[in-house]
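The figures here come from the full heavy-atom set of this structure, side chains too, leaving out hydrogens, waters and symmetry mates.
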Amino acid sequence: MQLYHIQHLYFIPTTECNFRCKYCFVEDSERGFNPIFMTKDIAFKGLEVFAKLSQQANTITLTFYGGEPLLNADVLYAAMRYVRTLEERNVLKSG
């Protein structure tokens with residue numbers, strides 16, 4: 001059985017963004033892109049998978065990315081609290 005040593009997770013709670021940076025590669029509604037928003041259920045499942053796949057890693061990091069992550073603030077904050085819960089249960093390594 002192959003063991004993975006995942007060390008980094010990009011957590012993207014939404015692809016929506018309220019900025020229009022000229023350098024951005026992400027499409028927006030003006031360019032035919034419909035943003036999506038992650039649910040709490042999907043966020044928790046994703047963090048659980050990351051916890052399992054990062055068990056053998058020496059260090060782990062988590063980057064909240066997007067769009068603008070705070071445009072899905074409920075899920076972002078719930079995910080941050082869930083990270084602490086996973087750490088307390090020793091399921092996810094503390095940094």
Side-chain angles (χ1 to χ4, degrees):
M1 180 171 135
Q2 170 107 15
L3 291 178
Y4 295 95
H5 304 288
I6 306 298
Q7 295 177 294
H8 192 87
L9 173 69
Y10 278 92
F11 187 88
I12 305 172
T14 182
T15 57
E16 177 70 280
C17 186
N18 55 346
F19 300 114
R20 294 295 174 257
C21 303
K22 292 181 191 254
Y23 59 82
C24 186
F25 60 88
V26 177
E27 298 289 331
D28 62 22
S29 59
E30 293 176 9
R31 294 177 273 180
F33 178 77
N34 294 319
I36 56 173
F37 292 82
M38 183 181 290
T39 64
K40 287 180 187 177
D41 185 51
I42 295 296
F44 295 167
K45 287 179 184 176
L47 291 168
E48 290 167 3
V49 169
F50 177 62
K52 287 179 185 176
L53 295 177
S54 66
Q55 287 297 307
Q56 300 301 314
N58 292 329
T59 60
I60 60 169
T61 55
L62 175 62
T63 300
F64 293 97
Y65 198 66
E68 170 51 51
L70 286 169
L71 292 177
N72 196 1
D74 289 345
V75 170
L76 175 65
Y77 293 134
M80 293 168 72
R81 286 189 299 271
Y82 196 59
V83 165
R84 294 295 180 227
T85 299
L86 292 173
E87 288 175 332
E88 290 167 2
R89 287 197 252 153
N90 291 318
V91 174
L92 186 66
K93 289 182 182 182
S94 295

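In this structure, the separation between CG on Leu92 and CZ on Arg84 is 9.5 Å, given to the nearest 0.5 Å. Between the CZ atom in Arg81 and the CZ atom in Phe44 there is a gap of 7.5 Å [rounded to 0.5 Å]. Here CG of Leu9 is found 12.5 Å from CD of Gln7. Values are rounded to the nearest 0.5 Å. To the nearest 0.5 Å, atoms CG (Leu62) and CZ (Phe50) are separated by 6.0 Å. Within the model, atoms OG1 of Thr14 and CZ of Phe37 stand 3.5 Å from one another, a figure rounded to the nearest 0.5 Å.
The minimum heavy-atom distance linking Val75 with Pro13 is given by the pair CG1-CB, 4.5 Å. Here the closest heavy-atom approach between residue Ser54 and residue Ile60 is recorded as CB-CG2, 3.6 Å.
None of Tyr10, Tyr77, Phe11 except one satisfies the ring-ring contact (aromatic ring centres under 6.0 Å, His included) rule with Phe64; the exception is Phe11.
Of the possible donor and acceptor atoms, one in the side chain of Thr15 sits under 3.5 Å from a partner among the backbone N and O of Ile36. Side-chain N or O atoms of Asn72 include one that pairs as donor or acceptor with a backbone N or O of Met38 at under 3.5 Å.
Grouping the Ile, Leu, Val, Met, Phe, Trp and Tyr side chains by contacts below 4.5 angstrom, directly or via other members, places Leu71 apart from Tyr65.
Salt-bridge formation is not detected for the pair Glu48/Lys45: no Lys NZ or Arg NE/NH1/NH2 atom is positioned less than 4.0 Å from an Asp or Glu carboxylate oxygen.
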